[in-house]
S.K.: 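First the structure, then my questions, so here it is.
Numbers here are sequence positions counted from 1. The structure displayed is predicted, hence computed values, not measured ones.
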Amino acid sequence: MRLFMLPPTTAVVALFLWSLLVHLTTETPAGVPKGHGEPLGNHRDSDGHVDILTTLPSPQEFWDKYVSKRRPVLFSGAARSSPGMQLWTDEYMLEKFGDLKVRIEGKHQKEGKYPEGEKGIAQDTLRNVLQTYRTRDVYVVSQIPDPLTEQVAVLPFLTCGTFKDHILESNLWLGGHGTQSQIHKDADNAINCLFSGTKTWIMISQDYEHLLPDVVSSGGYSARATIDPDYVDLIKYPKFSEVPYTHVDMKPGDCLFIPASHWHQVNSHGSKNLAVSIMMSRLKEVDLLECDGVDLDFKPLSEMNMVFTYDGYSEQTMGDMDPFELRERIVELCSAIKELSFSAVYHEFFHKEDEDNEVINNAIDTEMAKGKSSKQQDLHQNKQIFAILDTDGDNFLSCDEEVLPKLSIETLKKLANIISYDPSNSEEYEFSRMGTEVIRILIEHVINKLSNDKAPKMTKEQFLLRYRAVGGSRPVGSQLYDMMDPSQQGYITRDMVLSKMEDVISLYDNGLHPHHTQNMPWQADIEIPGSLINEVGTKQQWKAQKIRDDL
């Protein structure tokens, strides 16, 4: 075999020209910051991988080195003690857990989209997810159903002392390739254990939060930065170039500790990405004396006294406020004010920026608090708090007699759910998101259609096309149709719709908190005939037409 070789001088020149070409094609253009327009993490080199431990720390070591210092750490292989890691194939989960209900999101958090599931918008069955997640834009972000907790192992250092008493909830994460989060921080400490697939993380200390652009609070200590992780605009956000970060490469079997308020962005890879996270309180101090000298081992999550649990069928409490922290806030409030007025509680938990007590007190009337604005909704939530604590009905809470003696964990959980309620945790979310205005215009449109057509009947499919065109789901649309066709005739008429109109609309006047439903995109992933879109129009067009009709 004969090799082709350049003369020595020619080879040197060729090598120089090749090096120059590589340099010119990879060098950042003058005046453009490094990493501009590129994915997150290219704006500067990583400060390194977070600590990796191959042996688990003691509870005291975990507190001293990581939790108290808000320092992330990877526990290599720690999830392999969870039976679910070996058992949870799609076939096994379909057979054992398929009928359980889970909360779903879109794969890309920046789009803020809640897809349609078998139970409505943002609500699906595990069966439907397992049968479609590889081809559908769907990602399970859900409180873990109780039946699954028997097959999740809690790391030994969490099974004693303060740690075991402050496990708040556990969440399930399941999706196909390409799920992606925004840069965000969570209110609580978390340990995320990966069962299948891989994950890459960008970790940013809370010390650099002031350099993050467009930070939007998600309520409490949670927040997100709206910068696009796929295209970091360093011309618009030049200070972000200064943000240092560490990174994490997770493989199946790894568990990652994410400290409370530690900013992070996650990309999930693999045809199936499955993880379980355990959330813990933001702890200022711990008592770990009972852990001394104890031979600690992995323990099933089902045997832990977790604060918030989910049976797999009812409403979730995912993301509810930490009741231990809520107790501290109430005790602190009572130390300053012995008798809490309606406005004092409102200021503390809903709108601290509002200073006009007279306006607040004038709005206590029930009719005033019925879903006309976000502040009036907050007043409605405030009334629910008083309904639990105000035993004598005088709109004042005596700290010594009515408040402090009632702060059991169960009462605190009820209060936490009122204060931080997320409607996407329930099948009621769709009613809350659409609201009475949209559904009323839809029903009026249907009535007009049935009044003007030569054949004044509408089938279920014809109604569902219209309902889905304004952002509704097939399951809920079917529920509405069945209400209007109780005899199951297979069609609805003008009179049938009129007779049930107010009953249908009342479902959407449910007083749910609107903060989580504002600016949510409407469904756009269904096939709707162009003529029907022109006929029905978008939500915004319908509102405009309604105004014109009123004029």
Side-chain angles (χ1 to χ4, degrees), residues 103-106 111-117 119-123 218-219 315 350-351 363 365-384 418 420-448 463-484 497-498 500-526 528 533 536-550:
R103 179 182 175 278
I104 56 174
E105 297 181 1
E111 296 174 1
K113 179 182 177 181
Y114 289 90
E116 174 182 324
K119 299 293 185 178
I121 301 299
Q123 300 291 311
S218 303
E315 187 174 297
F350 298 107
H351 286 276
D365 177 74
T366 303
E367 292 303 313
M368 193 67 178
K370 274 192 178 178
K372 297 176 183 178
S373 73
S374 62
K375 288 190 178 181
Q376 289 164 353
Q377 281 285 357
D378 289 335
L379 291 168
H380 180 70
Q381 310 295 91
N382 211 39
K383 286 176 69 68
Q384 291 180 299
I418 291 170
S420 52
Y421 181 70
D422 182 348
S424 71
N425 280 334
S426 77
E427 293 178 41
E428 302 296 312
Y429 172 63
E430 186 166 328
F431 301 120
S432 174
R433 187 184 76 163
M434 291 182 66
T436 56
E437 180 182 9
V438 173
I439 194 64
R440 183 177 293 277
I441 294 172
L442 169 64
I443 295 299
E444 290 177 355
H445 161 80
V446 170
I447 291 171
N448 289 335
F463 175 78
L464 288 176
L465 276 174
R466 288 163 172 78
Y467 184 70
R468 297 188 76 196
V470 296
S473 69
R474 187 178 187 88
V476 174
S478 297
Q479 176 186 341
L480 303 184
Y481 185 88
D482 291 343
M483 287 177 63
M484 295 182 288
V497 176
L498 280 172
K500 296 293 183 179
M501 178 176 178
E502 293 307 321
D503 290 340
V504 168
I505 292 172
S506 67
L507 294 174
Y508 296 78
D509 186 20
N510 49 26
L512 293 180
H513 206 293
H515 288 172
H516 302 275
T517 64
Q518 292 174 347
N519 301 318
M520 296 305 298
W522 297 82
Q523 290 292 99
D525 58 350
I526 57 176
I528 301 174
I533 293 177
V536 175
T538 64
K539 173 190 174 187
Q540 290 78 12
Q541 289 171 333
W542 278 31
K543 286 186 176 181
Q545 184 61 49
K546 174 64 176 169
I547 294 172
R548 287 194 292 270
D549 291 344
D550 289 342

S.K.: Give the minimum heavy-atom separation between G120 and S473, together with the two atoms involved.
M.R.: CA-OG, 3.4 Å

S.K.: Do V476 and Y467 touch side chain to side chain, with heavy atoms closer than 4.5 Å?
M.R.: yes

S.K.: Which value, rounded to the nearest 0.5 Å, describes the distance between E116 atom CD and E430 atom CD?
M.R.: 7.5 Å

S.K.: Which atom names give the shortest non-hydrogen contact between S424 and A122, and what distance separates them?
M.R.: O-CB, 4.1 Å

S.K.: Which value, rounded to the nearest 0.5 Å, describes the distance between I443 atom CD1 and E502 atom CD?
M.R.: 10.0 Å

S.K.: Quick one: do F463 and V446 satisfy side chain to side chain contact (heavy atoms under 4.5 Å, CB included)? Show the steps, please.
M.R.: CA-CA 8 Å; F463 175 78; V446 170; 4.2 Å; yes

S.K.: Could you state the interatomic distance from CD (Q123) to OH (Y114), rounded to the nearest 0.5 Å?
M.R.: 10.5 Å

S.K.: Without swapping roles, check the side chain of E315 against the backbone of S426 for a donor-acceptor pair under 3.5 Å.
M.R.: no

S.K.: If we ignore hydrogens and angles and just use 3.5 Å, is the side chain of R433 paired with the main-chain N or O of G471 as donor and acceptor?
M.R.: yes

S.K.: Could you please spell out the steps behind the side chain to side chain contact (heavy atoms under 4.5 Å, CB included) verdict for M501 and I447?
M.R.: CA-CA 10 Å; M501 178 176 178; I447 291 171; 3.8 Å; yes

S.K.: Apply side chain to side chain contact (heavy atoms under 4.5 Å, CB included) to the pair K119 and R103, showing each step before the final yes or no.
M.R.: CA-CA 10 Å; K119 299 293 185 178; R103 179 182 175 278; over 6 Å; no

S.K.: Output the distance between atom CD1 (I441) and atom CE (M434), rounded to the nearest 0.5 Å.
M.R.: 10.0 Å

S.K.: How far does CD of E444 sit from CD1 of I439, to the nearest 0.5 angstrom?
M.R.: 11.0 Å

S.K.: Measure the spacing between CG of L507 and CZ of F431 and express it to the nearest 0.5 Å.
M.R.: 5.0 Å

